[in-house]
Amino acid sequence: MKDLKHMYYFEKLLEDANNELIRQAQGEGRKCIATLCENVPEPLLNLPGTFSSRLRAPRTGSIEMATYYLTSFLCEYTRALLERAMEGGYNFADCLIVPDGCSMLNRCAENMELLKTMPKEHFFHEYMEIPMKANDNGLNLYVLQCKNHILKPLSEKFGIDISDGAIREAVKEHNRICDLIRRIGEYRKEEKPRITGYEFHIMTMATYAAPKDLLIGKLEETLEELADRKPDAKNPYRIRVMLVGSEVDDVDVVRLIEESGAYVCADRFCYGSFPGRDRIELTEDEDALTQVCRQYMYRGQCPRYMNQDKIQGRRRYVKELAKEYRADGIIYQQIKFCDPWAYERTVGTQVLREDYHYPVLSVDRPYAIGNSGQLRTRVQAFVESVELKKIQRN
């Protein structure tokens, strides 16, 4: 297929946490609100005068110093983040807002604070408590935490407008990005897709790592370009897979899977489009903050939520997406030593195989896979297995 006009631009944005658009936005006087987890409602970090950035550690090498502080039993994502922070890689951030999505994230952020890794003037840390059950009590806690640890400090420290009107404007901008990503992602349903899973992954990640409003123009042009893009005459992929599980911000993960013959047609992982790029619908009969928190809580697919409706719903959610996007199989992955997703992956794999009858490849992986021969071999074997089953079925 013909190369997309802005693909190289999106790839360059992801090479460094302090990317070109972050520098541009800060040059305009806006504050960078950094976070580490999908459980922080993004529109609240993108009020007038601010923009959000989900921290990553691209091109990770040694994580020895972070391992000294966090031990080798914590997930490599948190260790890579702390290592990059100690190197000064996040000095652009104006504050860090961290939810207790897991104890490892908390320990990572606490060490960043204790080691004074981000010495910017007026920099502050905030720690949020996130509900473990999606119900009315959980919603009340969520709203209170967002008020006390996002809105209040942004107003007091930076003079940011935190009014209901400002939140509604931020939701409108959030929805523009979601609509664009969703419409681009719809092309993945085609028999011969005109966009690769890798290209879609790159664009989606850019919307987490850079100021959203500065990406809208290029995403709109890409959507127009895709409307006329011709897919390859011969489909280069042998099967279609859905990628599920924990945090995926390494650009090599999806690329390795597709080079092994499996088209990544849908995603359900942190940094993915489902459910992270779902629209937020607001009405006039309730304050915007409560509505934002309610939708984040009930649509969230994080294994932190422990009530049975959420636990069972996470497996159904994957099954329904796999059906909608016509996945032949599912790759269920988790970063090594990620405790929440390790349990979720183990049980989820069995449910998807036994109850929903999907072939599932279940793997734990390093944070930065590079050119992992072991993972490539496992994916190739999975592709051959699923392809053989398809032939036998037909």
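For the single chain, residues carry numbers from 1 onward in sequence order. Note that these values count all heavy atoms, side chains included, but never hydrogens, waters or copies made by symmetry.
With sequence neighbours excluded, no residue satisfies side-chain hydrogen bond (donor to acceptor under 3.5 Å, both in side chains) with D250. In this view, Y305 satisfies the ring pair (Phe, Tyr, Trp, His ring centres under 6.0 Å) rule with no residue, not counting sequence neighbours. With sequence neighbours excluded, no residue forms a side-chain hydrogen bond (donor to acceptor under 3.5 Å, both in side chains) with N39. Residues that satisfy the ring pair (Phe, Tyr, Trp, His ring centres under 6.0 Å) test with H174, not counting sequence neighbours, are absent from this structure. Take R365 and apply the side chain to side chain contact (heavy atoms under 4.5 Å, CB included) test, not counting sequence neighbours, and it matches V248, V253, Q333, I335, I369. Annotation: side-chain hydrogen bond (donor to acceptor under 3.5 Å, both in side chains) contacts of D339 (sequence neighbours excluded): none. Residues satisfying the side-chain hydrogen bond (donor to acceptor under 3.5 Å, both in side chains) criterion with T346, sequence neighbours excluded, are absent altogether.
Counted by atom type alone, R277 and T207 present one or more donor-acceptor pairs between their side chains at under 3.5 Å. Checked by atom type, the side-chain pair S362/R345 shows a donor-acceptor distance below 3.5 Å. In this model, no donor atom of one side chain and acceptor atom of the other lie less than 3.5 Å apart for Y69 and E110. Donor-acceptor pairing under 3.5 Å is recorded for the side chains of T283 and Q291.
Considering only heavy atoms from C-beta on, C108 comes within 4.5 Å of L82 through its side chain. A heavy-atom distance below 4.5 Å is not found between the side chains of C95 and H125. Between R30 and P211, some side-chain heavy-atom pair lies under the 4.5 Å cut-off. T50 is not listed as a side-chain neighbour of L45, based on a closest heavy-atom distance of 4.5 Å or more. The side-chain heavy atoms of E220 and R176, taken from C-beta on, include a pair separated by under 4.5 Å. Side-chain atoms of Y296 and P43, non-hydrogen and from C-beta on, do get closer than 4.5 Å to each other. Here the side chains of L375 and L256 are in contact, with some heavy-atom distance below 4.5 Å. Between L4 and R229 there is a side-chain heavy-atom pair separated by less than 4.5 Å.
Hydrophobic clustering, with ILVMFWY side chains joined whenever heavy atoms are under 4.5 angstrom apart, groups V264 together with F269. Residues M128 and L55 are members of separate hydrophobic clusters, defined by side-chain heavy-atom contacts under 4.5 angstrom among Ile, Leu, Val, Met, Phe, Trp and Tyr. In the hydrophobic cluster analysis, where Ile, Leu, Val, Met, Phe, Trp and Tyr join through side-chain heavy atoms closer than 4.5 angstrom, I33 is grouped together with V171. L151 and Y127 fall into different hydrophobic clusters, where Ile, Leu, Val, Met, Phe, Trp and Tyr are joined by side-chain heavy atoms under 4.5 Å apart, directly or via other members. Under the 4.5 Å side-chain heavy-atom criterion for ILVMFWY residues, a single connected hydrophobic cluster contains both M203 and I177.
For E83 (side chain) and A66 (main-chain N/O), a donor-acceptor pair under 3.5 Å exists by modelled atom type. Formation of a donor-acceptor pair under 3.5 Å by the R56 side chain with backbone atoms of L14 is found in this model. The closest donor-acceptor contact from the side chain of E344 to the backbone of G245 lies at 3.5 Å or more, if one exists at all.
In the hydrophobic clustering, I311 connects to no other residue, as no ILVMFWY side-chain heavy atoms lie under 4.5 Å from its own. With a 4.5 Å cut-off between side-chain heavy atoms of Ile, Leu, Val, Met, Phe, Trp and Tyr, the cluster of L141 takes in none.
Screening residues 325-366 for ring pair (Phe, Tyr, Trp, His ring centres under 6.0 Å), with sequence neighbours left out, gives F274-Y325. For residues 114-125, the set of pairs meeting the salt bridge (Lys or Arg N to Asp or Glu O under 4.0 Å) definition, not counting sequence neighbours, comprises D94-K120. The stretch residues 237-247 participates, sequence neighbours left out, in these salt bridge (Lys or Arg N to Asp or Glu O under 4.0 Å) pairs: R238-E387.
The existence of a salt bridge linking R326 and E191 is confirmed by a sub-4.0 Å separation between a basic side-chain nitrogen and an acidic carboxylate oxygen. Residues D179 and R182 are not paired through a salt bridge, judged by the lack of any N-O separation under 4.0 Å between the basic side chain and the carboxylate. By the 4.0 Å N-to-carboxylate-O rule, K192 lies too far from D232 to be salt-bridged with it.
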Could you walk me through whether N106 and S103 pass the side-chain hydrogen bond (donor to acceptor under 3.5 Å, both in side chains) check? CA-CA 5 Å; N106 275 354; S103 60; over 6 Å; no

Kindly indicate, with the supporting measurements, whether the criterion salt bridge (Lys or Arg N to Asp or Glu O under 4.0 Å) is fulfilled by E87 and R84. CA-CA 5 Å; E87 294 169 353; R84 186 59 51 88; 3.2 Å; yes

Test ring pair (Phe, Tyr, Trp, His ring centres under 6.0 Å) on H201 and F10 and set out the steps. CA-CA 10 Å; H201 181 46; F10 291 130; over 10 Å; no

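Between L70 and T78, the shortest heavy-atom contact is CD1-O, 3.9 Å. Nearest heavy-atom pair, N91 versus T117, reported as atom, atom and distance to 0.1 Å: OD1-O, 3.1 Å.
You'll find the ring centres of H149 and F124 outside the 6.0 Å limit.
Among the candidates Y208, Y367, Y271, the single residue satisfying the side chain to side chain donor-acceptor pair (under 3.5 Å) test with D249 is Y367.
For K189, the NZ atom sits in a packed shell: over 12 heavy atoms of surrounding residues, nucleotides or ligands are nearer than 6.0 Å.
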